[in-house]
Amino acid sequence: MSPATVECTSERKELVEIDENCPRRPYVEIRVPDNAKTVLAVHFTTVSRDQGWATVDGPSYSSFWTHVERPGGRPEISFSGLQVCENRRANGEFHEQTHIWTNHSNGAHGSWVKALSAGDLIQLIPRAYYSCWVNIISAASLKIEFEPKEEAKNTALIRFHGDHYGQLGPREIRVLEFGPGCFEDPILGRFLYVNLPHTDDICSTEFHALSYCWGDPIDVVDIELSLHIDPDATRPFSVGRTVEQAVRRLRTRDKPLRIWIDAVCINQANLAERGQQVRMMGDIYTHAAFVHIWLGESNQFIDTAFRVTRDVFNFNTDCCPAGVKCHCPGTPHTFTADEIRAASKILKEGQCSYKGIEEVFHLHRRDFIDELLDTTDNQSTDAHSVKLFNKLFEHPWFSRVWVLQEALLARQAFIHCGDQMMPWEEVVAIHEWIGDAEYKLIPHYNRPATMPAIWARLGYKQKSRQRTSVDETSDVSATANGIMDIFLDALDLKSTLPQDKLFALLSFGSDTNQASELDPSLRANYEKPARQVFAEFTRWHIRSRRSLNILSAIHGQKSRTWVRRTCSKTVERPQLPTWAVDNNGRSRWTQMTLQAQFAFKAVGDTIPDETLLDPGSDLMVLRLRGIAFSEVEVLTHTPIKDIYPYDDDYQSFLDGRSDIKGVFDRMFNSCYFLEGDLYWKTHKTVSPAWSTVDKALAYYRAHMRTHWEYTERPAVEVLKLTKDSPDELTWYKTRAIPTCLDQCFFRTSNGSFGLCPWPTKEGDVVAFLFGAEVPYLLRPINDEQVNGNNISIQCKYELVGECYLDGFMDGEIFTSHGGSDLETTIFNII
């Protein structure tokens with residue numbers, strides 16, 4: 001290690017058993033320090049073993065994988081999920097392994113290290129595949145070697161002069177016009193001022209639009225742009241390198257290029273103009289004659305993926321004779337249908353693979369580079385093809401929230417990488433095919449990377465550019481494409497600014513797509529801080545729907561899910577306001593809530609008290625009326641003997657059972673009868689052929705063996721459920737619960753009991769809030785108010801999340817427990 005190299009280490013020593021049914025979460029993680037200039041190496045050390053036996057030959061299907069989480073809106077890195085190592089097969093002795101990846105390593109490991117930057121969270125995730133395979137970890141550590149930064153650099157994305165910009169009218173945009181030129185010629189341009197029509201007609205001035213990732217904020221180059229005050233004079237204007245590369249590729253030798261590019265055509269220093277132009281972006285991409293999706297300069301992975309995609313699409317649509325007879329624009333169709341069918345005789349004995357993907361891939365193998373083969377350890381053709389398509393769909397462009405409207409509202413879109421180009425429709429087709437159930441893979445291979453689910457919800461391609469108006473008398477809360485559904489589906493996408501997660505989606509919501517009728521609190525306004533934007537959005541949704549269902553969406557945030565997804569067991573205080581949705585989280589986690597999974601009516605037909613929803617002087621406080629029922633007195637593991645879900649009545653759960661047994665099974669999924677961790681990813685349910693109590697019992701017992709058969713640990717003490725004697729606290733010890741689950745069973749001070757998410761603490765208040773479908777847990781916070789020499793203590797609350805309260809989920813608070821006579825409380829939730 002050189003004198004300039006700095007190290008940082010994270011280590012964990014705790015016995016943990018993992019099988020395919022356990023929640024997937026990191027064992028240890030480490031963040032690249034903020035002062036890291038270049039990551040030089042990452043050391044992975046594991047002390048682990050498998051179950052110690054196997055009935056068939058082959059590798060140990062217990063292993064460790066990397067994952068990288070990037071802060072803010074930065075795009076995910078390629079090669080994020082790589083296998084680090086496997087355990088020794090069928091060996092019951094703990095074994096220490098250390099693997100070092102450097103920025104000089106060959107293949108994917110070196111590329112992975114080079115892609116790391118300050119703020120990245122590196123995670124080491126243990127996995128096991130197939131029934132009976134177990135990964136048993138006693139310790140692991142991560143170490144980073146990095147070169148520190150010497151001094152801060154200017155991080156401005158675009159350095160421009162105000163003299164380039166003129167004032168814009170209400171429906172006016174700037175369009176860049178670049179003169180004809182060869183690739184290497186200097187770039188000289190000017191702004192044209194174009195009025196967008198209110199209809200869907202093409203503008204009188206035809207223009208194109210660019211869809212791209214802004215790229216590294218310090219990687220900028222100068223082009224020459226005319227000044228607004230003196231059109232005959234030019235001055236350097238700094239743009240991102242991705243913009244400069246795209247312009248060089250898109251301009252031609254014989255005619256000007258007129259194109260709208262957001263980073264340049266919008267005065268980024270003028271917040272009012274940014275907001276006004278952002279509100280028009282849907283119209284801008286709708287009126288553009290062509291939208292060019294730019295993935296960057298030539299990348300051999302993506303170039304090859306383009307060629308494979310074009311040939312697979314052509315083989316299935318027969319749109320071109322291909323080969324030497326192909327005269328299609330963009331990437332040529334290389335192989336004819338006859339050549340592809342001939343390849344099937346070699347690979348499949350004459351039977352063509354699904355959509356001909358394997359044959360086309362085989363024919364293009366000469367284009368592959370060692371790095372692709374390295375990522376799959378020379379596995380099967382299926383594994384190679386998956387990695388190739390991963391390279392395309394893992395590109396940061398597909399994970400940016402703004403590109404949804406840029407692609408879906410386009411009249412005609414083309415996707416470019418260097419000098420390669422193909423129509424957007426072909427990308428959509430190949431994406432649908434590789435996601436089809438017929439395109440199956442062996443489970444321990446990673447599934448193909450696909451576009452986030454929001455693309456499918458919005459239909460990949462806008463079928464009509466006519467905006468759907470919302471009838472004032474219609475129940476917009478029932479529509480599948482309300483802005484809240486779309487926002488939650490798009491949580492997996494990235495944006496540089498947090499509030500853009502909302503602003504970029506407004507044009508798609510059936511309740512927000514009429515800009516002229518949009519509530520002022522939702523309009524794009526960059527003068528508001530992000531947390532105010534999301535607080536106003538949440539409050540608007542509560543008021544417009546007269547429902548508190550949106551509060552359950554906080555379980556989509558990483559540290560607030562029902563089942564813990566974090567490495568640490570420490571409950572961190574959530575970001576304020578705790579009741580508002582924000583830009584962080586995963587869309588699939590928002591579906592794992594009581595509100596999404598069940599049809600409870602715990603607070604009957606009540607609605608929020610509208611007189612309390614006016615925020616007054618404090619926008620960050622949500623005032624709600626409700627009943628403070630009781631508080632959490634005891635928090636413990638689930639008394640599995642009392643609420644064991646896999647009994648003779650299990651079929652009733654499959655038919656919609658929603659008692660405490662059904663809730664435990666659905667929310668905590670203690671065996672893969674609901675496809676284990678996959679249930680958290682795809683929300684698939686078990687097929688009828690597997691819907692038997694015997695199968696459920698077998699899977700549950702296998703999960704118990706994982707946690708109790710291979711290691712010595714003390715039995716877990718749990719509280720016995722005693723309905724007949726609610727004042728008694730009786731405990732017993734058991735080895736019949738999965739230790740991968742945190743304490744999720746609670747008893748209240750008045751003797752009731754229920755299930756709760758993992759961040760719950762003793763002392764949390766169980767509240768029935770008017771307008772909610774489920775009870776919520778609130779955490780009392782004493783807030784000191786200073787007025788001169790007087791100090792007063794005001795009780796406020798943080799929202800913890802939902803809870804299940806046995807016997808109180810269908811309005812019993814009013815019908816059986818005197819709720820109508822109970823005193824209501826106004827909760828000030830921060």
Side-chain angles (χ1 to χ4, degrees), residues 173 175-178 192 194 196-213 242-243 245-252 254-262 265 280-296 302 305-307 309-314 316-320 326-333 392-393 395 397-398 400 402-432 451 454-456 458-467 504 507-508 513:
I173 64 171
V175 173
L176 282 161
E177 182 181 71
F178 298 104
L192 303 179
V194 176
L196 294 181
H198 289 278
T199 66
D200 280 347
D201 295 338
I202 293 288
C203 290
S204 56
T205 302
E206 184 177 293
F207 67 93
H208 299 192
L210 186 68
S211 177
Y212 66 107
C213 296
T242 53
V243 168
Q245 291 171 342
V247 170
R248 291 189 180 279
R249 288 293 183 186
L250 295 175
R251 68 178 176 178
T252 62
D254 55 355
K255 60 182 179 180
L257 170 66
R258 292 174 179 170
I259 189 166
W260 188 85
I261 303 174
D262 59 352
C265 295
M280 294 173 57
M281 282 181 67
D283 287 336
I284 292 171
Y285 282 92
T286 295
H287 285 95
F290 299 96
V291 171
H292 300 282
I293 299 165
W294 176 249
L295 302 186
I302 297 180
F306 271 45
R307 289 191 285 272
T309 297
R310 296 228 75 186
D311 280 341
V312 172
F313 183 84
N314 188 50
N316 288 276
T317 60
D318 197 26
C319 59
C320 170
C326 175
H327 300 291
C328 300
T331 303
H333 299 104
L392 176 60
F393 293 114
H395 188 280
W397 182 88
F398 289 96
R400 306 298 291 177
W402 278 113
V403 305
L404 286 170
Q405 64 176 331
E406 296 167 6
L408 300 183
L409 300 183
R411 295 176 182 272
Q412 191 169 7
F414 295 93
I415 185 166
H416 303 256
C417 180
D419 60 356
Q420 303 293 316
M421 183 270 286
M422 63 179 167
W424 168 249
E425 288 80 2
E426 298 188 17
V427 179
V428 171
I430 198 71
H431 176 266
E432 291 179 333
M451 302 184 205
I454 184 64
W455 286 98
L458 298 179
Y460 299 107
K461 179 71 177 176
Q462 194 81 343
K463 295 179 176 60
S464 172
R465 284 177 291 276
Q466 296 293 332
R467 305 296 174 81
S507 62
F508 291 112
N513 61 14

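These numbers come from the heavy atoms of this one structure, side chains and all, not from hydrogens, waters or symmetry mates. All residue numbers in this chain count up from 1 along the given sequence.
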Step by step, would you call Ile293 with Val403 a side chain to side chain contact (heavy atoms under 4.5 Å, CB included)? CA-CA 9 Å; Ile293 299 165; Val403 305; over 6 Å; no
Got a donor-acceptor contact below 3.5 angstrom from the [X] side chain to the [Y] backbone?
X      : Y      : answer
Tyr285 : Arg411 : no
His431 : Met451 : yes
His395 : Leu295 : yes
Ser211 : Ala407 : no

Nearest heavy atoms of [X] and [Y], plus distance in Å:
X      : Y      : result
Ser507 : Asn513 : O-CB, 3.2 Å
Thr242 : Cys213 : OG1-O, 3.2 Å
Ala413 : Glu425 : O-OE1, 4.3 Å
Gly330 : Arg310 : C-NH1, 4.3 Å
Phe508 : Gln405 : CZ-CA, 3.4 Å
Ala288 : Ala209 : CB-CB, 3.8 Å

Of Trp294, Trp260, Phe414, Phe290, the residue whose pairing with His208 passes ring pair (Phe, Tyr, Trp, His ring centres under 6.0 Å):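 Answer to the ring pair (Phe, Tyr, Trp, His ring centres under 6.0 Å) test with His208 among Trp294, Trp260, Phe414, Phe290: Phe290.
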Could you state the interatomic distance from [atom1] ([X]) to [atom2] ([Y]), rounded to the nearest 0.5 Å?
X      : Y      : atom1 : atom2 : value
His416 : Gln245 : NE2   : CD    : 14.0 Å
Ile284 : Glu406 : CD1   : CD    : 10.0 Å
Ile259 : Arg251 : CD1   : CZ    : 12.5 Å
Trp397 : Leu392 : CH2   : CG    : 10.0 Å
Cys320 : Asp311 : SG    : CG    : 9.0 Å
Ile415 : Phe398 : CD1   : CZ    : 4.0 Å

Between Glu206 and Arg258, does any NZ, NE, NH1 or NH2 come within less than 4.0 Å of an OD or OE carboxylate oxygen?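 Not counted as a salt bridge, because no side-chain N and carboxylate O are separated by less than 4.0 Å.
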Of all residues at least two apart in sequence or in a different chain, which pass the side-chain contact (heavy atoms from CB on, under 4.5 Å) check with Asp419?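 Asp419 satisfies side-chain contact (heavy atoms from CB on, under 4.5 Å) with Arg249 only.
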So, using side-chain contact (heavy atoms from CB on, under 4.5 Å) as the criterion, who are the partners of Gln420 when residues are at least two apart?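 Per chain and number, Gln420 pairs via side-chain contact (heavy atoms from CB on, under 4.5 Å) with Asp303, Phe306, Arg307, Thr331.
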Between Phe313 and Val428, is the side chain to side chain contact (heavy atoms under 4.5 Å, CB included) condition met? List the steps. CA-CA 10 Å; Phe313 183 84; Val428 171; over 6 Å; no
Step by step, work out the side chain to side chain contact (heavy atoms under 4.5 Å, CB included) result for Ile430 and Val312. CA-CA 8 Å; Ile430 198 71; Val312 172; 3.6 Å; yes
Is any side-chain heavy atom of Leu210 closer than 4.5 Å to one of Leu250?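 With C-beta onward as the side chain, the pair touches.
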Side chains of Leu176 and Phe207, heavy atoms from C-beta outward: is any pair under 4.5 Å?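 Side-chain contact under 4.5 Å: no.
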Chi angles and distances behind the side chain to side chain contact (heavy atoms under 4.5 Å, CB included) call for Val247, Ile261: CA-CA 10 Å; Val247 170; Ile261 303 174; 4.1 Å; yes
